[in-house]
Amino acid sequence: MRLLFIHSDHLEFEAREKAGPDSLAETEGVPMEGRMEECVTAFISVESDDEEDIDGVVENALEELRDVTGQLNTRNVVLYPYAHLSEDLASPDAAKRVMQDLEAALEAEDYEILRAPFGWYKSFEVSCKGHPLSELSRHVAHHRDEEKDEEDLDREPSDWEVMYPGGETDDAVSAKADTSSDMQAFIEDEVEDIVASAGEEPPHLEIMKEKELVGYDDLSDVGNLRFYPRGKLIRDALMEYVNDLVVDYGGMPVETPIMYDLGARCIDEHAGKFGERQYRFESGDRRMMLRFAACFGQFSIMRDMHISENDLPLRIYEMSTYSFRREQKGEVTGLKRLRAFTMPDMHTATGDMDQAREELMKQAKLALQTSEDLDINYEPAIRMTREFYEENEAWVEEVVDELGKPALLEIIPERHHYWSAKIDFAAIDGLGRPIENPTVQIDVESAERFDIEYTDGTNQHHPPILHYSPSGGIERVMAALLEQTATMDNPRLPTWLSPTQVRFIPVNPNEHLEYCEELSDELEAADIRVDIDERDESVGKRIAEAETDWVPYYIIVGSDEIEGDQLGVNVRAEGEEIDMTLEELVDTVEEDIADLPQQARYLPKHVSNHPKFTGN
């Protein structure tokens, strides 16, 4: 519940028009107009989480009202339903009940109450007294949340170690000095709670806007981004790359709904276990939520399947566009932390813990392949319960050996989540802060919760299930790539992700454009993204534009190039011009791309036709 208290000279309201169907609007037991002098006006938003324990949230709201009215020395209270304090509202019936229960409880304590009706558009006038305590806000949770908070405070802290290939371990803080700079930053953030460069924006925010990749939309919710053609090409190429990787590994693609019914016990329980903020809403008489990952849909598919022991490991995969988390506004950060994002998500049903551990090892190694293909350094963190670690220490050593680099170990005293062990991989941004990307988890609860079973021919069994994202959120991958460019002397994207891979710059468009067209046709036949800057600008200005656009290969074409068989190719990665034949240029670009996805060009062939998408 959200509360805004105004110490008022007076509050006056009049109900004007029903805000929805007749069943929504209160018409009995509450005035349609009213005025109260010398009062505390309580503007109230009842939230979806409050429905879990209405009595508890009412009692906590009463405590806040007693406190505020005591400080202000008044017993006159206006209860005013006000939906605009929250984006996650409770159902109308629950909100009306909270308002009615608050009114009854306050009247029982001899308060003078004026309650405005629920479900109406109302005109109102409030006169705020304007002293230091005249405007106060509160966020009230129900008792279960309080008990959970107290439980969190009572939990033993995790133990943190660093394990090296070979099995040697050391206390994480003590080991920090002997690790890479990225692992040092990871330890500082995870273990020491040191916030690197507090208050500074990650470099990728400026880059994504400057390069016209991604932008904000003030007509949408915060954390929902729009992708311009260059950014969409990069995002689409990354999605295709991950799809190919997972399908080649054995993942079977599906597509599932983006919203689910919280009235289903399995959905409500799993959403509660997840712990992140969620979008919840009403659809008719059903409480719904937007998915935060593809778990619900893929578990539902597995539940409805006949799975035999021979089918295991069974890998169901989805590129979940979109997934949603209702991050707070202050937490939303460019491509790193969003409210709507694209999550490659695979769930693997396994026969037993031996097979689950085997799969986790393979999937962790596959995540490291994305590190190599994307040229992003990932630092691993292995998180597990103490019980799991003690039973599987030799296996954990084997995992670290396979990863081939030191790993941060978090040893949790007791299991409080659906997973017993997981491996997270983090890139480090330009400010020394982690961007968590790939993850793989062993889930020991969900099969039973969602009634997922396999048969061995005689008996039915609940399979351990792995949650896996081989790259992490696609937008976070883009963030990591752009953060990496901020540390380069000559910033660039990998050739396969560069919106333009080759650009021709005719010295005199009237004389040399036709030859550039012929060259570009040959490159296009080789599936290379090529464009021509034939604008009526100086050669120097067009060269500067190619540098600004981070074009990996650009060629200035004049009479010498037309008459000879060599092209002077400016190679961004080398920072120099290298003479090549056209065939050598094609071979060089194809060697860069190798077997990675190759999208078609998303912008027109001629730079003169490239529109400006931002005011930059």
Give a yes or no on whether the backbone of [Y] and the side-chain of [X] come within a donor-acceptor separation of less than 3.5 Å.
| X | Y | answer |
| --- | --- | --- |
| Gln363 | Tyr468 | no |
| Arg326 | Gln278 | yes |
| His204 | Gly334 | no |
| Glu206 | Pro203 | no |
| Arg339 | Asn224 | no |
| Ser538 | Lys541 | yes |
| Asp429 | Leu431 | yes |
| Glu212 | Thr614 | yes |
| Arg383 | Asp424 | no |
| Arg226 | Tyr216 | yes |

Hey, is [X] close enough to [Y] for a salt bridge, meaning N to O under 4.0 Å?
| X | Y | value |
| --- | --- | --- |
| Glu359 | Arg315 | yes |
| Glu331 | Arg325 | no |
| Lys605 | Asp521 | yes |
| Arg601 | Asp531 | no |
| Glu537 | Arg542 | no |

Give, for atom [atom1] of [X] and atom [atom2] of [Y], the distance between the pair rounded to the nearest 0.5 Å.
| X | Y | atom1 | atom2 | result |
| --- | --- | --- | --- | --- |
| Gln484 | Ile207 | CD | CD1 | 11.0 Å |
| Arg337 | Ile435 | CZ | CD1 | 12.5 Å |
| Leu519 | Ile532 | CG | CD1 | 8.0 Å |
| Asn609 | Leu603 | CG | CG | 10.0 Å |
| Tyr378 | Asn437 | OH | CG | 4.0 Å |
| Lys176 | Ser181 | NZ | OG | 12.0 Å |

State, to 0.1 Å, how close [X] and [Y] come at their nearest heavy-atom pair, and which atoms those are.
| X | Y | answer |
| --- | --- | --- |
| Ile382 | Ala407 | CD1-CB, 4.1 Å |
| Arg503 | Ala546 | NH1-CA, 3.7 Å |
| Leu335 | Ala479 | CB-CB, 3.8 Å |
| Ala237 | Pro597 | O-CG, 3.8 Å |
| Glu534 | Val607 | OE1-N, 3.6 Å |
| Asn490 | Ala573 | ND2-N, 4.5 Å |

Just grab all the ring pair (Phe, Tyr, Trp, His ring centres under 6.0 Å) pairs involving [range], residues at least two apart or on different chains.
| range | value |
| --- | --- |
| residues 591-615 | Tyr228-Phe613 |
| residues 487-506 | Tyr241-Trp496 |
| residues 529-581 | none |

(message) Is it the case that over 12 heavy atoms from other parts of the model lie below 6.0 angstrom from the CG atom of Asp536?
(response) no
(message) Atom CD of residue position Glu514 - does it have more than 12 heavy atoms of other residues, nucleotides or ligands inside 6.0 Å?
(response) no
[Y] side chain reached by [X] side chain, heavy atoms, under 4.5 Å:
| X | Y | result |
| --- | --- | --- |
| Pro438 | Pro470 | no |
| Gln599 | Glu240 | yes |
| Ile187 | Val162 | yes |
| Met252 | Tyr317 | no |
| Glu47 | Arg280 | no |
| Thr179 | Gln184 | yes |
| Phe425 | Ser371 | no |
| Arg476 | Phe341 | no |

(request) May I have the step-by-step check of side chain to side chain contact (heavy atoms under 4.5 Å, CB included) for Arg433 and Lys336, ending in yes or no? (result) CA-CA 11 Å; Arg433 297 183 292 213; Lys336 180 178 177 180; 3.8 Å; yes
(request) Applying side chain to side chain contact (heavy atoms under 4.5 Å, CB included), run through Leu493 and Ile234 and close with a yes or a no. (result) CA-CA 10 Å; Leu493 291 169; Ile234 295 169; 3.7 Å; yes
(request) Show your working on side chain to side chain contact (heavy atoms under 4.5 Å, CB included) between Ser498 and Val551 and close with a plain yes or no. (result) CA-CA 7 Å; Ser498 297; Val551 177; over 6 Å; no
(request) Assess the side chains of Ser48 and Arg287: does a donor N or O sit below 3.5 Å from an acceptor N or O? (result) no
(message) Under the rule for side-chain contact (heavy atoms from CB on, under 4.5 Å), what residues qualify as partners of Ile528, not counting sequence neighbours?
(response) Gln501, Val502, Leu523, Ala526, Val586, Val589
(request) Start with the C-alpha distance between Val477 and Val242, add both sets of side-chain angles, then the distance that settles side chain to side chain contact (heavy atoms under 4.5 Å, CB included), and finish with yes or no. (result) CA-CA 11 Å; Val477 176; Val242 178; over 6 Å; no
(request) Only pairs at least two apart or in different chains count here, so list each side chain to side chain donor-acceptor pair (under 3.5 Å) that has a residue in residues 562-580. (result) Glu547-Arg572
Would you be so kind as to tabulate the donor-acceptor pairs closer than 3.5 Å made by side chains of residues 293-300, with sequence neighbours excluded?
unit_1, atom_1, unit_2, atom_2, d
Gln298, OE1, His347, N, 3.3
Gln298, OE1, His347, ND1, 2.8
Gln298, NE2, Asp345, O, 3.0
Ser300, OG, Arg303, NH2, 3.3

(request) Take the angle between the ring planes of Tyr322 and Phe324 and call it parallel below 30°, perpendicular above 60°, tilted in between. (result) tilted
